[in-house]
Amino acid sequence: MEAYDIVVLGGGSGSQVATAAAERGLEAAVVEPGPLGGACITRGCVPSKALIHRADVIEDVRGAEAFGIDARVHGVDYDGITDAIHDTVYAKADNQTSSMREAANVTRYRGEGRFVDDRTIAVDPDDGSGTAEITGETVVIAVGGRPMIPPIDGLEDVDFLTSDDALFLDERPDELVIVGGGYIGTELGYFFGALGTDVSLVGRSERLVPREDDDVSAVVTDSLADYCDVYTGSEAAEVEPADERQGGEGIVVTAEPSDDGNDGNEAVELTGDDLLLATGRRPNTDALDLEATGVETDEEGYVETDSRLETAVDGVWALGDVIGRQPYKHAADYEARLVMANVLDDADRTVDYGAMPHAIFTEPRVASVGRTEGDLEDASREYEVATVPYDAAPLGLILEADDGFVKVLAGPDGEILGCHIVGPQAATLLHEVVVAMDGGGTVDDVAGPVHVHPALNEVVHAAFDELSSRAYSTAPDWRDVGDG
């Protein structure tokens with residue numbers, strides 16, 4: 001039995017804890033059955049955004065006429081697109097494998113790991129060489145998650161795709177039914193719709209991306225209707241193979257009004273070549289044999305930790321999708337840094353997600369940090385709000401980002417409570433707000449600095465300026481031109 005100072009279960013963000021420990025001269029092991037880098041590199045955010053970039057290029061060409069440019073899309077090499085993206089992301093995973101193999105003090109176990117007790121891990125190598133047992137003085141659980149399969153009648157009788165499968169298809173579906181109105185479903189709905197697939201998108205809530213601020217979800221719902229047939233307030237109740245009456249190929253999904261819908265919804269039958277399930281993700285804890293340990297999980301299988309990310313077992317930590325707090329790669333990296341500090345430096349740091357940003361890569365783009373207006377109303381929190389459209393800035397007007405806006409929520413004392421941006425470069429524009437919030441800054445700390453002119457950051461400047469206490473303002477406002 002090999003003994004290590006640190007054993008990490010999972011080759012994504014958690015593996016960074018192992019490499020940091022190895023740089024300190026500690027002996028570390030990483031247990032991962034698949035490619036290194038986690039879901040983000042090969043099955044999630046990177047390949048999906050690479051696909052979405054192609055959709056953006058197509059949309060730019062199609063929209064060129066509005067700017068006096070005659071351009072057309074003559075064809076799409078779909079297989080070539082997916083092959084190129086696949087080769088790129090798996091090259092990155094291979095490079096990470098090579099780097100770990102060459103690193104001192106780190107051992108990679110390629111296989112499934114499961115607990116024998118609190119500190120002992122049995123590894124079933126994928127080469128069939130026989131089970132190995134390893135121990136760790138410290139253990140980090142970072143096995144991530146996988147697509148959740150909802151209980152839909154008839155699902156066992158049809159083939160279906162998950163978000164893992166949909167990224168590297170050899171051919172573009174002519175017709176696609178997507179079940180799920182969250183960020184995964186809407187992003188893929190935009191991509192396939194922009195490339196010419198007839199997409200039917202089914203979401204339980206009355207609006208898509210319902211966890212966003214209401215103003216944000218309203219825009220996304222309206223804009224996705226340009227790319228998909230959107231059925232909000234509905235849920236997939238049954239799926240079956242198409243019969244001869246329906247063409248004899250593909251699937252038929254029956255969508256019925258959901259508990260979150262309104263009384264005006266009716267049941268509909270939706271047909272497609274393929275069915276894509278994008279109904280969320282679940283933690284990969286069911287194969288860990290956690291019952292052999294004192295590690296506790298909640299009803300959905302997420303590992304429970306304290307505010308330092310330590311589990312109920314001393315010396316056993318958890319981070320990333322497996323704890324279910326913030327389902328983003330950047331959040332997992334943040335949690336990994338915190339675990340590094342607590343394990344290697346005994347820093348006693350606690351998590352703080354108050355300035356944790358996120359983005360949704362639909363058209364238009366969305367980026368948010370902090371609380372929504374609904375959150376504040378539910379908490380009976382006093383706040384002020386300013387919403388400024390993109391055309392307040394000259395570049396926003398030039399880009400004709402008609403549905404873009406920056407919405408700022410602040411306390412009476414200027415505390416930044418939340419910021420929500422819809423429009424071009426939203427994820428990039430948000431970051432000056434994140435920096436201000438992370439440092440305990442106020443509205444004046446965003447409105448005060450000089451902003452480049454003419455650039456889209458002036459929309460952020462203008463929104464924060466509306467709530468600023470500064471005596472003088474030079475924030476741009478080109479709305480009179482746009483309105484004219």
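Sequence positions, counted from 1, serve as the residue numbers for this chain.
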Spatial distance of atom NE2 (H53) from atom CD1 (I85) [nearest 0.5 Å]: 9.0 Å
Test side chain to side chain donor-acceptor pair (under 3.5 Å) applied to T131 - qualifying residues, sequence neighbours left out: D124
Under 3.5 Å donor-acceptor, R62 side chain and A194 backbone: yes
Side-chain touch I141/V295, heavy atoms, less than 4.5 angstrom: yes
Nearest non-hydrogen partners of L270 and A255, listed with the distance: CD1-CB, 4.4 Å
Neighbour count >12 (heavy atoms, 6.0 Å) for atom CD, E171: no
pair L276-F160: side-chain heavy atoms closer than 4.5 Å: no
Sole residue of V76, I81, D83 in side-chain contact (heavy atoms from CB on, under 4.5 Å) with D79: D83
Nearest heavy-atom neighbours spanning D126 and P33: OD2-O, 3.7 Å
Verdict with supporting geometry, V253 and E240, side chain to side chain contact (heavy atoms under 4.5 Å, CB included): CA-CA 7 Å; V253 176; E240 58 185 338; over 6 Å; no
V116 side chain reached by I121 side chain, heavy atoms, under 4.5 Å: no
Test log, rule side chain to side chain contact (heavy atoms under 4.5 Å, CB included), inputs E335 and Y353: CA-CA 10 Å; E335 292 159 355; Y353 299 113; 2.7 Å; yes
Donor-acceptor contact present, side-chain D164 to main-chain P147, <3.5 Å: no
Disulfide (SG to SG under 2.5 Å) partners for C419, two or more places apart: none
Name each donor-acceptor pair under 3.5 Å that joins a side chain in residues 424-435 to protein atoms two or more places apart or in another chain, with its distance.
from	atom 1	to	atom 2	distance (Å)
E432	OE1	H451	NE2	3.0
E432	OE2	H451	NE2	3.3

With D333 via salt bridge (Lys or Arg N to Asp or Glu O under 4.0 Å) - residues at least two apart: K329
M356 side chain near V369 side chain, heavy-atom distance below 4.5 Å: no
Test item: D274 side-chain N/O and P173 main-chain N/O as donor-acceptor pair under 3.5 Å: no
Audit row: L208, L201, side chain to side chain contact (heavy atoms under 4.5 Å, CB included) steps and yes/no: CA-CA 10 Å; L208 301 177; L201 180 60; 3.8 Å; yes
Intermediate values then yes/no, side chain to side chain contact (heavy atoms under 4.5 Å, CB included), V351 and R325: CA-CA 10 Å; V351 290; R325 298 187 184 180; 3.4 Å; yes
Check: E300 side chain, Y302 main-chain N or O, donor-acceptor pair, under 3.5 Å: no
Partner residues of D306 under the side chain to side chain donor-acceptor pair (under 3.5 Å) criterion, sequence neighbours left out: R308
Inter-residue atom distance T362.OG1 - Y227.OH, 0.5 Å rounding: 9.0 Å
Side chain E137, main chain D5, donor-acceptor under 3.5 Å: no
N/O donor-acceptor pair under 3.5 Å between R108 side chain and E32 backbone: yes
Pairwise side-chain contact, F115 with V139, heavy-atom cut-off 4.5 Å (strictly under): yes
Heavy-atom pair of closest approach, residues L169 and F192: CD1-CZ, 4.1 Å
Counterpart residues, salt bridge (Lys or Arg N to Asp or Glu O under 4.0 Å), relative to R207 (two or more places apart): none
Taking every non-hydrogen atom, the tightest pair across A20 and M340: CB-SD, 3.8 Å
D165-T162 side chain donor-acceptor pair, cut-off 3.5 Å: yes
Donor-acceptor under 3.5 Å (T279 side chain, M148 main chain): yes
Residues forming a side chain to side chain donor-acceptor pair (under 3.5 Å) with Y190, sequence neighbours excluded: D56
Pairwise side-chain contact, V177 with I251, heavy-atom cut-off 4.5 Å (strictly under): yes
With sequence neighbours excluded, residues passing ring pair (Phe, Tyr, Trp, His ring centres under 6.0 Å) with Y90: H86
Euclidean distance, L277 CG relative to L155 CG, rounded to 0.5 Å: 5.5 Å
From CZ (R54) to CG (D77), nearest 0.5 Å: 10.5 Å
Nearest non-hydrogen partners of A166 and Y78, listed with the distance: O-OH, 4.4 Å
Donor-acceptor contact below 3.5 Å, side chain D117 vs main chain R119: yes
T97 vs D94, side-chain hydrogen bond (donor to acceptor under 3.5 Å, both in side chains): CA-CA, chis, key distance, verdict: CA-CA 5 Å; T97 298; D94 290 343; 5.2 Å; no
Gap separating the OH atom of Y328 from the SG atom of C40, nearest 0.5 angstrom: 13.0 Å
Donor-acceptor under 3.5 Å (D321 side chain, G144 main chain): no
Polar side-chain atom of Y334 near backbone of D352 as donor-acceptor pair, under 3.5 Å: yes
Where at least one partner belongs to residues 146-159, residue pairs that pass side-chain hydrogen bond (donor to acceptor under 3.5 Å, both in side chains), sequence neighbours excluded: R146-N284, R146-D286
Residues E187, K49: salt bridge by 4.0 Å N-O rule: yes
Where at least one partner belongs to residues 208-221, residue pairs that pass side-chain hydrogen bond (donor to acceptor under 3.5 Å, both in side chains), sequence neighbours excluded: E212-H358, E212-S368, D213-K407, D215-K407
Other residues, nucleotides, ligands: >12 heavy atoms within 6.0 Å of R371 CZ: no
Partner residues of Q326 under the side chain to side chain donor-acceptor pair (under 3.5 Å) criterion, sequence neighbours left out: none
D226 side chain to S223 side chain, donor-acceptor N/O pair below 3.5 angstrom: no
Partner set under side chain to side chain contact (heavy atoms under 4.5 Å, CB included) for A29, not counting sequence neighbours: Y4, V7, Y109, I134
Closest contact, heavy atoms only, A318 versus T305: CB-CG2, 3.9 Å
Euclidean distance, M1 CE relative to T135 OG1, rounded to 0.5 Å: 6.5 Å
N95 vs S98, side-chain hydrogen bond (donor to acceptor under 3.5 Å, both in side chains): CA-CA, chis, key distance, verdict: CA-CA 5 Å; N95 289 342; S98 298; 5.3 Å; no
